[in-house]
Structures are given as C-alpha cells and as structure tokens.
Protein chains: 2
Amino acid sequence: MSIDQNISSLRLAILCLILKAPRSGYQLKKDFEETPMGHFSSSPGAIYPALKRMEDDGWISGRVDNPDSLRPAKILSLTDKGIAFLKNYFLEPIVERDLVYRMDQLMLRFAFMSPLVGRESTCAFLRQLIEALSSHVSSLRAVSRELENDPLEGVLALQHGIESYESTLRWAHDSLSLLAKQTQMQGKP
Amino acid sequence: MSIDQNISSLRLAILCLILKAPRSGYQLKKDFEETPMGHFSSSPGAIYPALKRMEDDGWISGRVDNPDSLRPAKILSLTDKGIAFLKNYFLEPIVERDLVYRMDQLMLRFAFMSPLVGRESTCAFLRQLIEALSSHVSSLRAVSRELENDPLEGVLALQHGIESYESTLRWAHDSLSLLAKQTQMQGKP
DNA sequence: AGCGTCATGTAAAGCGTTACATGATTTT
DNA sequence: AAAATCATGTAACGCTTTACATGACGCT
C-alpha cells in the first residue's frame, strides 16, 4: 500500500527543507545545528552520503551556483520525482506505528505539508492524528490498569508515556481549531 | 568525565531488563514485543548481536539452563562489571543533550534505577530532571518568540515540542511528590 | 600569521532492519 | 496434519557516528 515503507528521518528532514527552499549541503548542516530542528542531528558524514543517495534515487538534483567562484556551492532542489514522493508521503494515512516509532516524522509532515498539499489536507492530517492518538491513549490506559503490583517507578514511566500522548492530543485539537479558523478567514477576506 | 559516551538504547534496555531479572534472548524479544517497552523494537537480528557484543565486553554472561533439555535457553545475567557500568550510568548528571536526543534513555534510567542505587538517588534524578527541563523550556520559548513571521505550521510544530517538555515537567513534579511521600512512609512504618 | 568560517567530502566501524534459516514442541 | 510458538542465530544492506582531509576566504 504505502509507497515508501521506510524513509529515514534525516532523509525526510532534508527533503522538507529543500522543498521550502533549495539549498546546499552545508546550509542543511547549519539548519540542523542552529534551528529547533536540531534533533535531526547531523555531521557531514551523515548529510553528504544521504544527499548522494537521494541524488542517485532521482529525488533531488544539484546545480552548482556561481561555478566561477572559488567557493562554489552545490544547490540542491527537488526533482519532479522527489516532489511526487513527498506529496504521496504527506498524504499517507496515519497508523499506530507512526505514533510509537515515528512521531518526529509526523511533526515534519505537519510542519511542511501545507505548501505542497494545501491547508485542507493539513487539517485532515490533524483529524487523523487526533483519532489515532485517542485510540492509542485508551489502549495504554488499559495496559496501565493491569500494572497495579509492578514497581511504582515502572508504572510512573508508563504514565509519562500516556501523558505525553495526551499532551500531543491537546496540541492537535488546539492546532486544528487555529488552522481551521485561519483557513476560513482566508476564504472570506 | 562520563564513563560511557554513548550506549545505544537497545543495549541499555537489555541491561535494565536483565538487571530486574536474568533472562534469555528470546524472553527479551518477547518483552519488547508485548510490553509497553515496545519502542525498543526488536528483531532477533538486533538482539542477538547486541547480546554477543555485550558478552564480549564483559557486561553480561550467559549460562545454559537445563542443558539436557532439547530446547535449552541461555539465561543472561549481569556481571560485576555490568552492574558497575549501570550504577555509574544511573548516577550520571543530566545534561540538555539527554533531553533532546535521549529522553527514552532517561525514562529507562528512572524506571530501573531504584533497586540498584536507591530511592534517594531516584528522587535526586527527578530533581535534576526538573531543573534541566525548566531551563530547556525557557530557551525554547525564547526561540519561539523570534519566529513570529514564520509559517504558522512551523511555529505550531515548535509549540508541540515545548508542550511536550512541559508535560514531562509536570510529570516529574508529580512523580517526585509521590516518591518522596512513599519513601518517607517507608522510613516510619 | 593564525584562527574561524565556508564548503565538500571520505574511511572505518558499529548498529539496526529485513529477511532468511534451522529444528523441536505445543496447540488446534 | 498444520500452524503457532520456543529458541537461536546469520547475511546483506543501509544508515549514522566519529574522525580525518582538503582548500579557499575573511578578520584581527
């Protein structure tokens, strides 16, 4: 079903950034070091090989800017294939696996999807997220109830997980209201 | 300073589980599949090599249970060296890096440290965590304030990060009160 | 003259994922 | 009799980390 079974978070973060605006490997490195996207940590030994592989895959292509300059930078842009990939990726349904293993990728999707697939799809994404989170929290609570004679610290650690998902759930509700309101206002100026 | 620069989450999770009670590779696999520790996902191709490496490092050692049985299981226990490693690891100070890149490891520490280093140290751990989280949230809020003309979705994604840390902060406060109360009560029966 | 930054990479080693392999036992 | 479970692993591949390497430019 899903076109990409697995894309690494680093690859996705890179694609998202050069979707927003084409840039060089060095600029990507800076972005990861200096912005709140920091936890897609990255050394040149991760970024440059990743760029090469994605160029080989035909998702991005580099063009040397200012070839005469003595310090030429290779500016990377998405190819049509790369754009198509991202579009498909952004529109995939959310499954429980995503919540547990790939929350970071869900947040990347949310932060970067609107320009490519529209605000409507972003709202749909949030509605799916709310659905998935609600059901996941319920099942975690069920597990928690069965842990009554486990060590207190273990129960509390699970409690932390539950509260994190609940916090994300509240955030999704709030963000959805905000986006929905803004989208309406854009419709009626 | 820090004795272990980097231990993988899988290695740490395995050590914690066999600290709680010695067990086989297969049992570890089951634990990761069936308990809320699920996100230390794991296939045999991850667990068995990790066990082998940790045996080579001298942290754990295996003893075949029921050697006569046709289905012998190799039960792994911590060595003295492994226990010493874990003890040191549990007592390391919390740094901002841990919050951003290794929250899962912090939760493992919390869940499993008490039997080895005592409730007092666990409370100290929570106090450090509260300290680190407070300061991290402040700095994220400062970043957020500078993002006023960025796309709404980007700002909201950062907001999600902030709220997650705040939720963890609330949890740490609550857990500390609970543990402190319980520890007191154990003192005066 | 030296240090920091721009800019791109390579090499080695370890870790994780997916898939495959084996063989006995228990359940349906 | 077939399927699931117990129990342990290996092989190939890709990704990440750490460290190293190169060279030009800009500031002090």
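Computed over heavy atoms, backbone and side chain alike; hydrogens, waters and symmetry mates excluded. Below, chains carry the letters A, B, ... as their sequence lines are ordered, and counting in each starts from 1.
As a whole-Å value, the separation of I14(B) CD1 from dG16(C) C1' is 12 Å. L10(A) has its CG atom 16 Å from the P atom of dT17(C), to the nearest Å. Look at CZ on F32(B): it is 17 Å from C1' on dA7(D), rounded to the nearest Å. In this structure, R102(B) places its CZ atom 15 Å from P of dC15(C), rounding to the nearest Å. As a whole-Å value, the separation of H39(B) NE2 from dG16(C) P is 14 Å. Nucleotide dC15(C) holds its C1' atom 16 Å from the CZ atom of F40(B), rounded to whole Å. Going from atom CZ of R11(A) over to atom P of dT17(C) covers 17 Å, rounded to whole Å.
In this view, E120(A) satisfies the salt bridge (Lys or Arg N to Asp or Glu O under 4.0 Å) rule with no residue, not counting sequence neighbours. The side-chain hydrogen bond (donor to acceptor under 3.5 Å, both in side chains) search around W171(A) returns S175(A), not counting sequence neighbours. In this structure Y165(B) satisfies the ring pair (Phe, Tyr, Trp, His ring centres under 6.0 Å) test together with H136(B), sequence neighbours excluded. In this structure, the side-chain hydrogen bond (donor to acceptor under 3.5 Å, both in side chains) partners of K30(B), at least two apart in sequence or on a different chain, are E34(B). For E166(B), the side-chain hydrogen bond (donor to acceptor under 3.5 Å, both in side chains) criterion is met by R141(B), not counting sequence neighbours. For E33(A), the salt bridge (Lys or Arg N to Asp or Glu O under 4.0 Å) partners two or more places apart in sequence, or in a different chain, are K29(A).
Remark: K30(A) is in phosphate contact with dC6(C), judged by side-chain N or O atoms under 4.0 Å from OP1 or OP2. For N6(A), no side-chain nitrogen or oxygen approaches OP1 or OP2 of dG16(C) to under 4.0 Å. Considering only side-chain N and O atoms, S8(B) lies nowhere under 4.0 angstrom from the phosphate OP1 or OP2 of dG14(C).
If one axis is set at each end of the helix from dA1(C)-dT28(D) to dT28(C)-dA1(D) from five pairs, those axes are 30° apart, to 10°.
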Extract all donor-acceptor atom pairs below 3.5 Å that involve side chains of residues 106-116 of chain A and protein atoms in other chains or at least two apart in sequence.
from    : atom 1 : to      : atom 2 : distance (Å)
R109(A) : NH2    : F90(A)  : O      : 2.8
R109(A) : NH2    : E92(A)  : O      : 2.6
S114(A) : OG     : T122(A) : OG1    : 2.7
S114(A) : OG     : E153(B) : OE2    : 2.5

Show me the donor-acceptor pairs within less than 3.5 Å that the side chains of residues 7-16 of chain A make with the rest of the protein, sequence neighbours left out.
from   : atom 1 : to      : atom 2 : distance (Å)
S8(A)  : OG     : R11(A)  : N      : 3.1
S9(A)  : OG     : D104(A) : OD2    : 2.8
S9(A)  : OG     : Q105(A) : NE2    : 3.1
R11(A) : NH2    : D57(A)  : OD2    : 2.3

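Heavy-atom distances under 4.0 Å link DNA chain C to P44(A), G45(A), Y48(A), K52(A) of residues 44-58 of chain A, given in residue order. Near DNA chain D, meaning a heavy atom under 4.0 Å away, the residues from residues 20-28 of chain B are S24(B), G25(B), Y26(B).
For the atom pair CZ of R127(B) and NE2 of H173(B), the computed distance is 12.0 Å after rounding to the nearest 0.5 Å. Between the CG atom of D174(B) and the CG atom of L169(B) there is a distance of 9.5 Å, given to the nearest 0.5 Å.
Heavy atoms of K29(A) sit nowhere under 4.0 angstrom from any nucleic acid atom.
The stretch residues 36-62 of chain B participates, sequence neighbours left out, in these ring pair (Phe, Tyr, Trp, His ring centres under 6.0 Å) pairs: W59(B)-F85(B).
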